[in-house]
Amino acid sequence: MSNVDSLHHNEFHRKLLRDNLNKIFGEFDDTILNEIENQLVWIELDGGKTIIKEGDAGDSLYFVLSGRLVATKKDGDSQEYKIGDVVRGETVGEMAIFTGEPRYATITAIRDSVLVQLPKALFEKVIKEYSDVALNVTKLIIERIKKTHKPHKSNITNICFLPIHDTIDSTQIIKSLYDYCTQSMDICYINKDLLQQNGFNLDQTKSEDNKNESKKLIKWLNDMESLYEFMFFECGNQPSSWNDKCLRQADHIVLMADSTQSHQLTSMEEELRNMINVNFSIVLVHPHDTEMPGKTMDWLSLRPLVKSHYHLRLGHEKDLKRIGRILTGKATGLVLAGGGAKGFAHIGVMRALSEYQIPIDYLGGTSVGSMMAATFAFDRPSNVVEETIYKATLHKPSSDLSLIPLISLVKGLNIKKMVNYTIKHLSGSQDIDISDTWIPMYIVASNYTRTDVSIFFRGNMAKALLASSAIPGVFPPVIIDGELYVDGGTFNNFPADIMRNLDMNKVIGIDFMMEKNHKLTLDEMPSNNQMFRNKLLASKDKKYRLPGIGSIIINSTLMYSNAKRHESIAYLDLHFNPDVAKFGMTAWTDFHKIVEKGYQHAKLVLGNMSKEDLAKLQNPI
């Protein structure tokens, strides 16, 4: 850590500083600024260095002008856990200086950063001399407390591409990503050649020369970062001082791997194990003619720091564009709700989205919605998907009734056949992991053992789908890793909130709940004998129009989720709600009618959109 007076000359930093001072003190004239500017301390914080320790006295607040920091806190077992990131344009440490309490968390630089320190004495002096400032600080404290429990946006700026095999043309892949993303974003593409062209000598031998060169490089990189939305750093596929410099600047490290090579850790990756506060993902590069990814978990299980993975078929432009959109926060996620056989309408909506050339970059769903999401994630032609699901429904998943329903009304053998048939025919393998799909996805289930919601990004797909669809009392629960799971709709039947928290730029959702309240004219429920005789009558002659035991059980399990439906809709940028109310949740034989309902509804919604709004969905970048 060192003071860097030279950074005063970065006009972008000065503007950020002024904006930050305004956030803390409110709008104030240059008199205050001129009075305190020379007493501020400019700090260059090396990656890995700590600026604030949990429990220390709050003697300063800091403005982050460039770089990235992480806030961590110790739990009851003295284990550190991450609270969130602090990025360019934000402040850190103000609550302790506002309230006089000890530091709430430890703040560490993830990468080389530039900060400005405002000492407590100077802060108190300004508060004392300017009464309006005190009022603004009070408001700021209240706002900060309100935001404490809200999710923090990732604010990724510097993306470092690190090839771990020399058998792929990583430069061409990075260049293609850059060419696509720069259609709508300002991105600086930095590699070793560019720096050498700008006069940087990356192979200094003398330690003093190397130190001076590093300072000069950091200053230049900070200047570049102030001009661009993103920085793409291209590492080499062999260890080098250039790679070290790249990695020290990274918010997000993207490992680039040849899927045909060994999944074992490479020597370069061994050096990354301590970078616990940096986002990691991996791009598995496949030959052009690869039908489906496989054994993705072999790669992920050896790399616990990797939280996201992407599959790229060489020469497949849509794979490359999908990765570009996800990495730069321009992705579109599709959320599919549960609803039994009504869920076939998802197929019709997806067909319409495909016809309108609206790309989907991430999929997520509950119950039948998770099943439909999985079939779309295999990235097969829509007619193949539709035909496969239709043939799978011939198993009639709710028809194998239990003679002695001790656990569930239905044995669950037919729904298992339906799931296994679909996976096998679309992927070529019955034993497939959720991570083995071209389009990334998640599956929502309810953990009966822990009484909470579970989100599966990885794990055996068939088991997760059965768990997500195990309607309590109707289908048998599913055991995964010694814990009992039931239908995801019990907690979250329309998981749009989960998709939004993945930092999707656009979220599209499909559900089937129709807000129609049918008031009954009965004063009390009929007997079983009366209901049985009523069932034998023609439709026009029926006296009682009441839901059966299956519908009551199913809909009762969804009551909590349905009550949250408006919250889910609030997360959406585009909502599809096809009217399939006349179809029952077990109307498997009405497959084609339900699909068509979804298709016609989606065409109507998309057709009524303005050209501008439609274009934003069709061309996110």
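Hydrogens, waters and symmetry mates are skipped; everything else that's a heavy atom, side chains included, is used.
With respect to the salt-bridge test (charged N to carboxylate O, under 4.0 angstrom), the residues Arg458 and Asp433 do not qualify. Here Arg111 pairs with Glu225 in a salt bridge; the nearest charged N to carboxylate O distance falls below 4.0 Å. Residues Lys73 and Glu80 are not paired through a salt bridge, judged by the lack of any N-O separation under 4.0 Å between the basic side chain and the carboxylate. Here Asp319 pairs with Arg322 in a salt bridge; the nearest charged N to carboxylate O distance falls below 4.0 Å. We find that Lys82 and Asp85 are joined by a salt bridge, their nearest charged nitrogen and carboxylate oxygen being less than 4.0 Å apart. Under the 4.0 Å criterion applied to side-chain N and carboxylate O atoms, Asp579 and Lys597 are not assigned as salt-bridge partners. Asp573 and Lys616 are not joined by a salt bridge, as no carboxylate oxygen comes within less than 4.0 angstrom of a charged side-chain nitrogen.
Under 3.5 Å, the side chains of Ser281 and His252 contain a donor-acceptor pair of N or O atoms. No donor-acceptor contact under 3.5 angstrom links the side chains of His425 and Thr388, judged on distance only. Counting only N and O atoms by type, the side chains of Glu234 and Thr171 include a donor and acceptor under 3.5 Å apart. For the residue pair His601/Asn577, the side-chain donor-acceptor check at 3.5 Å is not satisfied. Side chains of Glu483 and Asn447: a donor-acceptor N/O pair is present below 3.5 angstrom, by distance only. Using modelled atom types, one finds no donor on one side chain facing an acceptor on the other under 3.5 Å when comparing Asn493 with Asp487.
Pairing each heavy atom of Cys160 with each of Cys246, the nearest pair is SG-CB, 3.8 Å.
Take Ser398 and apply the side chain to side chain donor-acceptor pair (under 3.5 Å) test, not counting sequence neighbours, and it matches Trp588. Partners of Ala257 according to the side-chain contact (heavy atoms from CB on, under 4.5 Å) rule, which considers only residues two or more places apart in sequence or in another chain, are Ile164, His165, Ile282, Leu284, Trp299. The side-chain contact (heavy atoms from CB on, under 4.5 Å) check on Ser301 picks up nothing, with sequence neighbours excluded. Residues meeting the side chain to side chain donor-acceptor pair (under 3.5 Å) test with Tyr180, sequence neighbours left out: Arg325. Every ring pair (Phe, Tyr, Trp, His ring centres under 6.0 Å) that Tyr189 has, sequence neighbours left out, goes to Tyr178. Listed by chain and number, the residues in a ring pair (Phe, Tyr, Trp, His ring centres under 6.0 Å) with Phe456 are Tyr485 (sequence neighbours excluded). Contacts of Phe378 classified as ring pair (Phe, Tyr, Trp, His ring centres under 6.0 Å), with partners at least two apart in sequence or in another chain: none. Remark: Asn383 engages Pro381 in a side-chain contact (heavy atoms from CB on, under 4.5 Å) (not counting sequence neighbours). In this structure Tyr356 satisfies the ring pair (Phe, Tyr, Trp, His ring centres under 6.0 Å) test with no other residue, sequence neighbours excluded.
Between the side chain of Thr72 and the main chain of Tyr81, no donor-acceptor pair closer than 3.5 Å is present. Of the possible polar contacts, one joining the Ser610 side chain to the Asp613 backbone as a donor-acceptor pair under 3.5 Å is found. At least one donor-acceptor pair under 3.5 Å links the side chain of Ser427 to the backbone N or O of Ser429. Asn420 places a side-chain N or O within 3.5 Å of a backbone atom of Lys416 that can act as its donor or acceptor partner. Under the 3.5 Å distance criterion, the side-chain polar atoms of Asn460 are matched with a main-chain donor or acceptor of Lys463. At least one donor-acceptor pair under 3.5 Å links the side chain of Asn158 to the backbone N or O of Gln249. Between the side chain of Arg380 and the main chain of Leu426, a donor-acceptor pair closer than 3.5 Å is present. Counting only distance, with no hydrogens or angles, the side chain of Gln618 and the backbone of Gln357 share no donor-acceptor pair below 3.5 Å.
Side-chain contact check for Leu247 versus Val278: every heavy-atom pair is 4.5 Å or farther apart. Residues His311 and Val285 form no side-chain contact, since every pair of their non-hydrogen atoms from C-beta on lies 4.5 Å or further apart. No side-chain heavy atom of Ile471 sits under 4.5 Å from any side-chain heavy atom of Val486. Considering only heavy atoms from C-beta on, Leu606 comes within 4.5 Å of Phe576 through its side chain. Here the side chains of Ile415 and Ser469 are in contact, with some heavy-atom distance below 4.5 Å. Using a 4.5 Å cut-off on side-chain heavy atoms (C-beta onward), His286 and Trp438 make contact. The shortest distance between side-chain heavy atoms of Ile423 and Met461 falls below 4.5 Å. Considering only heavy atoms from C-beta on, Met256 comes within 4.5 Å of Ile173 through its side chain.
Checked options Val87, Leu69, Thr91; the residue passing with Val64 is Leu69 (criterion: side-chain contact (heavy atoms from CB on, under 4.5 Å)).
In the displayed structure, Tyr448 atom OH is contacted under 6.0 Å by at most 12 heavy atoms of other residues, nucleotides or ligands. Within 6.0 Å of CD in Gln261 there are more than 12 heavy atoms belonging to other residues, nucleotides or ligands. Around the CG atom of Asp75, the shell of radius 6.0 Å holds more than 12 heavy atoms that belong to other residues, nucleotides or ligands. Counting non-hydrogen atoms of neighbouring residues, nucleotides and ligands closer than 6.0 angstrom, the CD1 atom of Ile479 reaches no more than 12 such neighbours.
Rounded to the nearest 0.5 Å, atoms NZ (Lys330) and OG1 (Thr328) are 7.0 Å apart. Taking NZ of Lys391 as the start and CD1 of Ile389 as the end, the distance is 13.0 Å to the nearest 0.5 Å. Within the model, atoms NZ of Lys582 and CD1 of Ile594 stand 9.5 Å from one another, a figure rounded to the nearest 0.5 Å. If you take NZ on Lys318 and CD1 on Ile323, they are separated by 13.0 Å, rounding to the nearest 0.5 Å.
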Identify every side-chain donor-acceptor pair in residues 332-354 under 3.5 Å, counting partners at least two apart or on other chains, and give the distances.
unit_1, atom_1, unit_2, atom_2, d
Lys342, NZ, Val580, O, 3.2
Lys342, NZ, Phe583, O, 2.7
His346, NE2, Ala337, O, 2.9
Arg351, NH2, Glu386, OE1, 3.2
Arg351, NH2, Glu386, OE2, 3.3

All N/O donor-acceptor pairs, side-chain side in residues 369-377, below 3.5 Å, sequence neighbours left out:
unit_1, atom_1, unit_2, atom_2, d
Ser370, OG, Ser367, O, 2.6
Ser370, OG, Ser468, OG, 3.3
Thr375, OG1, Met372, O, 2.7

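In summary, the aromatic rings of Phe232 and Phe161 are positioned with their centroids under 6.0 Å apart.
Using a 30° and 60° split on the angle between ring planes, Phe457 and Tyr362 fall in the perpendicular class, above 60°.
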With salt bridge (Lys or Arg N to Asp or Glu O under 4.0 Å) as the criterion, how do Asp431 and Lys424 come out once you've worked through the C-alpha distance, each side chain's angles and the decisive distance to 0.1 Å?
CA-CA 8 Å; Asp431 184 22; Lys424 177 70 182 295; over 6 Å; no
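Pairs of residues two or more places apart, or lying in two chains, that qualify as salt bridge (charged side-chain N to carboxylate O under 4.0 Å, His left out) and include a residue from residues 173-184 are Lys175-Asp179.
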